[in-house]
Engineer: 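Below you will find the structure I want to go over with you.
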Amino acid sequence: MADRREFLQYAMASAVPLGAAVSLDAAASARGVAPTNASAIPHVVVDARHGESLAFGADLARGGATVHRLADGDATDLWQSTLAPAWRSAPVPVAGLTRAPALFILEQLGWMHGLRVVHHVEHVLMREGRAVHRVLRALDSALASHALAQPGPAWPAHLAALVARSAPDESASRPGPTAAGLLPTLPPGAQLLTSWIIAPA
Amino acid sequence: MALPPNVSQAAFDAALRAWRGAVGADWVFTRDEDVALYRDAYSPFWGEPEEKVASAAVAPQTLEQVQAVVRTANEHRIPLYAISTGRNLAYGGSAPVLSGSVVLDLKRMNRVLELNERNAYALVEPGVSYFDLYDAIQKAGLDVWIDPPDPGWGSVIGNALDGGGGWTASPFRDHFGSHCGMEVVLANGEVVRTGMGALPNGKSWQHNKWGYGPWVDGLFRQGNMGVVTKMGFYLMPRPEVLCTSIVQVFEQEHVVPLLDVLNLLENQHVVNGSTQLFNGAFGPPGTGARPVWTAQVPIYGPEKVVQAQMEYCREKFARVPNCRFTMGEIFRTPLDAATLGRVRKVNFGVPDLSTFAMLGRTQASPDPAGGHIGFSPIIPRTGEAVLEYLAFYRENLAQVSEGGKLNFLGPVFMTNWERTMVAMIMFPIGRDKAMNARMRAAFERWVELAAARGWAEYRAPAAFQDLCAQTYSFNDHSLRRFRETIKDAVDPNGILSPGRYGVWPRAFRNR
């Protein structure tokens with residue numbers, strides 16, 4: 001449904017300077033951001049229908065996170081069996097790279113436990129294979145933009161590195177709701193993945 | 001922080017102080033980022049000045065706290081908007097009908113007060129979700145089912161009060177119809193119990209719904225006459241089996257005899273499940289030639305009885321020209337995990353959220369639509385009515401959809417209630433404000449066109465509740481005026497959910 005103008009508007013909103021393609025370590029170091037390990041976010045949710053999502057999860061699993069695969073995008077069982085009991089005990093952070101509905105329901109279920117979405121980035125998988133990224137909310141927006149400016153198919157790895165560095169801080173400002181229930185207009189043939197961190201705030 | 005309409009800063013501050021004293025400071029929300037959580041996630045006005053938003057929220061945990069909150073609101077004439085869990089998505093969510101209202105959030109009142117297996121009922125508070133009630137029954141090891149809607153994360157009370165329906169057997173899938181007894185806080189803070197609950201130390205509050213004298217429970221369905229704080233519900237004794245057969249016809253007009261037989265079987269209570277009617281591409285995969293109409297024939301009950309009933313159904317459907325009857329699999333309950341993984345859980349009384357991952361998914365559009373609003377007119381459950389509605393839809397589709405540029409989903413014929421259908425059309429809502437405006441205009445046009453043909457909504461998104469209420473205009477809107485008379489009598493300051501389902505108190509009637 002999107003025409004060329006709408007597509008360009010979307011792409012421009014995502015634009016990151018081309019010169020930003022430097023290593024995440026260097027960028028983080030320059031910004032005084034210390035590396036953290038993935039155990040800061042113990043649960044990671046991936047959509048088994050997307051290779052990008054599986055790659056993202058595999059990287060974070062190497063850092064110690066428990067990865068939960070959604071076979072068909074439905075997060076009901078994960079919430080019932082794992083997240084609801086965990087959140088009743090303590091509001092532990094959860095990250096994901098999924099389609100939008102999983103974020104939509106987990107965000108709202110998290111509110112009851114004092115959790116908010118502190119990282120929300122949309123990744124539009126274009127029909128021709130490349131991805132366009134749009135940082136809507138991040139613990140460090142500049143670092144997120146840096147990470148996702150890396151060209152090529154390795155963006156899930158850069159995203160995983162970014163998430164692994166993300167140490168949610170309860171003293172940070174408490175964000176309101178995302179618009180995850182309302183989808184952006186996508187170019188023809190494109191699909192939307194969403195990366196997110198739900199954490200105490 | 002916005003102010004409620006017609007309320008001074010001093011009065012609002014005084015009310016907030018009183019509410020903090022009553023419920024605790026942690027449960028009065030005034031920060032923008034907290035109040036924003038009560039936005040309607042599917043608002044057709046998302047991000048626009050007309051979006052309906054709250055000014056604050058207060059979350060009591062007990063009946064006494066609800067009374068205190070209401071009394072304070074009455075004293076300062078502050079409009080409240082009561083929600084249970086606020087998950088009435090596609091029909092307004094937790095956002096108030098009147099912008100600036102203070103959300104009275106009841107989700108902390110989440111106790112399952114009584115479960116009774118022998119007479120199959122439950123008594124719950126508004127914050128109890130279908131998941132909560134299901135879990136409580138499982139933990140207690142009771143042999144009863146709930147009837148979850150799709151999705152099941154909402155409040156049992158909230159869904160019933162909104163007029164929601166589910167997917168198991170009749171009469172349990174009519175959620176308001178299967179309730180039995182209420183406790184309600186009126187606008188002056190007084191507590192009323194309905195039905196047999198009005199009898200001090202009564203022993204049959206959740207057994208007999210009618211009690212003595214005029215029955216008032218209906219005033220609280222899609223209403224704003226009080227705040228419901230407890231409600232009883234009939235539960236379904238676990239059926240031994242569910243068998244869902246399929247009937248299909250291959251000519252458009254054969255939907256008439258198909259529904260005649262199906263109605264007979266339902267009205268005889270031979271078929272007690274949610275039948276559903278699928279047209280063409282919306283149907284489940286057929287076998288062989290493509291059917292024009294497909295209906296489900298679900299029967300819950302003892303296996304021997306269900307087998308006999310299904311045989312009776314097969315005989316009856318043989319009257320329908322060229323009708324294919326496919327006997328369904330018999331599912332013996334309780335299901336094991338593997339079987340539960342391949343069925344639609346809500347048909348087996350198990351709450352689920354999978355609808356969010358599936359909603360709106362088609363071959364052409366593999367990603368779900370996300371936000372949407374539902375146009376939900378009631379039509380008679382006859383083949384003639386279905387054909388008339390389809391013809392009406394096709395006659396007007398090109399014009400209302402701007403020549404196909406607006407991608408409606410539907411019509412979907414839902415049979416949650418006996419004798420009627422909801423012929424739902426869904427309108428996707430996204431982040432494109434201009435597109436949302438076109439969707440809103442299309443929604444309004446469908447409402448007007450349908451009303452002219454004698455069809456009106458059973459339920460509507462908050463943004464359109466006035467419009468839909470206006471279509472019920474018999475005798476110069478005498479029903480609306482009657483409701484307003486009651487509203488003004490029981491809530492003279494108009495503090496309880498002003499505007500809900502088109503019922504405005506005097507204070508806001510000429511807003």
Side-chain angles (χ1 to χ4, degrees), chain A residues 1-3 6 9-10 13 47 49 70-81 84-85 98-112 114-117 122 124-125 134 136 172-186 188-194 201, chain B residues 31-44 46-47 85-87 89-90 93-94 107-108 110 127 129 131 134-135 151-153 337 340-341 345 350-361 365-372 405-407 428-436:
Chain A
M1 285 245 300
D3 58 21
E6 288 170 320
Q9 283 180 335
Y10 193 92
D47 189 319
R49 298 168 298 184
L70 306 180
D72 58 0
D74 176 23
T76 308
D77 290 342
L78 169 66
W79 171 61
Q80 282 187 289
S81 65
T98 64
R99 292 192 190 177
L103 168 60
F104 178 64
I105 64 168
L106 293 177
E107 176 184 20
Q108 296 198 39
L109 292 166
W111 291 343
M112 292 186 287
L115 297 147
R116 302 288 174 91
V117 174
E122 291 183 334
V124 181
L125 311 181
R134 187 182 191 197
L136 298 169
S173 63
R174 192 159 58 203
T178 70
L182 303 174
L183 301 186
T185 305
L186 300 177
Q191 282 199 311
L192 181 69
L193 281 180
T194 303
Chain B
R31 290 171 50 164
D32 289 345
E33 61 271 24
D34 293 329
V35 176
L37 301 188
Y38 294 95
R39 292 173 72 181
D40 173 11
Y42 289 171
S43 172
W46 183 270
T85 58
R87 303 209 190 282
L89 296 171
S94 50
K107 73 167 69 76
R108 293 176 68 217
N110 57 2
S129 72
F131 280 104
Y134 176 80
D135 287 345
W153 62 355
L340 195 57
K345 291 179 181 175
V350 179
D352 191 26
L353 295 172
S354 63
T355 189
F356 289 109
M358 296 298 296
L359 190 66
R361 185 179 293 166
S365 176
D367 269 322
H372 63 279
K405 291 177 184 165
L406 304 183
N407 287 325
I429 296 295
R431 291 183 212 159
D432 183 333
K433 292 174 185 170
M435 178 60 84
N436 288 347

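Scope of the values below: all heavy atoms of this structure, side chains included, with no hydrogens, waters or symmetry mates. Order of the sequence lines fixes the chain letters, A, B, ..., with proteins taken first and strands second; residue numbering starts at 1 for each chain. All of these numbers come straight from a predicted model, not from anything done at the bench.
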Engineer: Going by the angle between their ring planes, with limits at 30° and 60°, are Phe131(B) and Trp79(A) parallel, tilted or perpendicular?
Structural biologist: perpendicular

Engineer: If I take atom CG from residue Leu103(A) and atom CZ from residue Phe356(B), how far apart are they, to the nearest 0.5 angstrom?
Structural biologist: 12.5 Å

Engineer: In Å and rounded to the nearest 0.5 Å, what is the OG1 to CG distance from Thr355(B) to Asp74(A)?
Structural biologist: 9.5 Å

Engineer: Out of Lys345(B), Arg87(B), Arg108(B), return the one with the most heavy atom pairs under 4.5 angstrom to chain A.
Structural biologist: Arg87(B)

Engineer: Minimum heavy-atom separation for Leu136(A) and Arg431(B), please, with both atom names.
Structural biologist: CD1-NH1, 4.1 Å

Engineer: How long is the gap from OG on Ser354(B) to CG on Leu70(A), to the nearest 0.5 Å?
Structural biologist: 12.0 Å

Engineer: Top residue by heavy-atom pair count (under 4.5 Å) with chain A, among Leu37(B), Asp34(B), Asn436(B)?
Structural biologist: Leu37(B)

Engineer: Would you give the length of the straight line joining atom CZ of Arg174(A) to atom CZ of Arg31(B), rounded to the nearest 0.5 angstrom?
Structural biologist: 4.0 Å

Engineer: What's the shortest heavy-atom distance between Pro177(A) and Ala36(B), and which atoms?
Structural biologist: CG-O, 3.3 Å

Engineer: Under 4.5 Å heavy-atom distance to chain B, tell me which part of Gln80(A) shows up: side chain, backbone, both or neither.
Structural biologist: side chain

Engineer: If you round to the nearest 0.5 Å, how far is CG of Leu353(B) from CG of Asp77(A)?
Structural biologist: 9.5 Å

Engineer: Please state whether the side chain, the backbone, both or neither of Ala100(A) comes within less than 4.5 Å of a heavy atom of chain B.
Structural biologist: neither

Engineer: Provide the closest heavy-atom pair for Pro175(A) versus Glu33(B) in the form atom of the first, atom of the second, distance.
Structural biologist: C-CB, 4.1 Å

Engineer: For the atom pair CE (Met112(A)) and CG (Asn110(B)), what is the distance rounded to the nearest 0.5 Å?
Structural biologist: 9.5 Å

Engineer: Indicate the atoms forming the closest heavy-atom contact of Leu182(A) with Trp46(B), along with that distance.
Structural biologist: CD1-CG, 3.3 Å

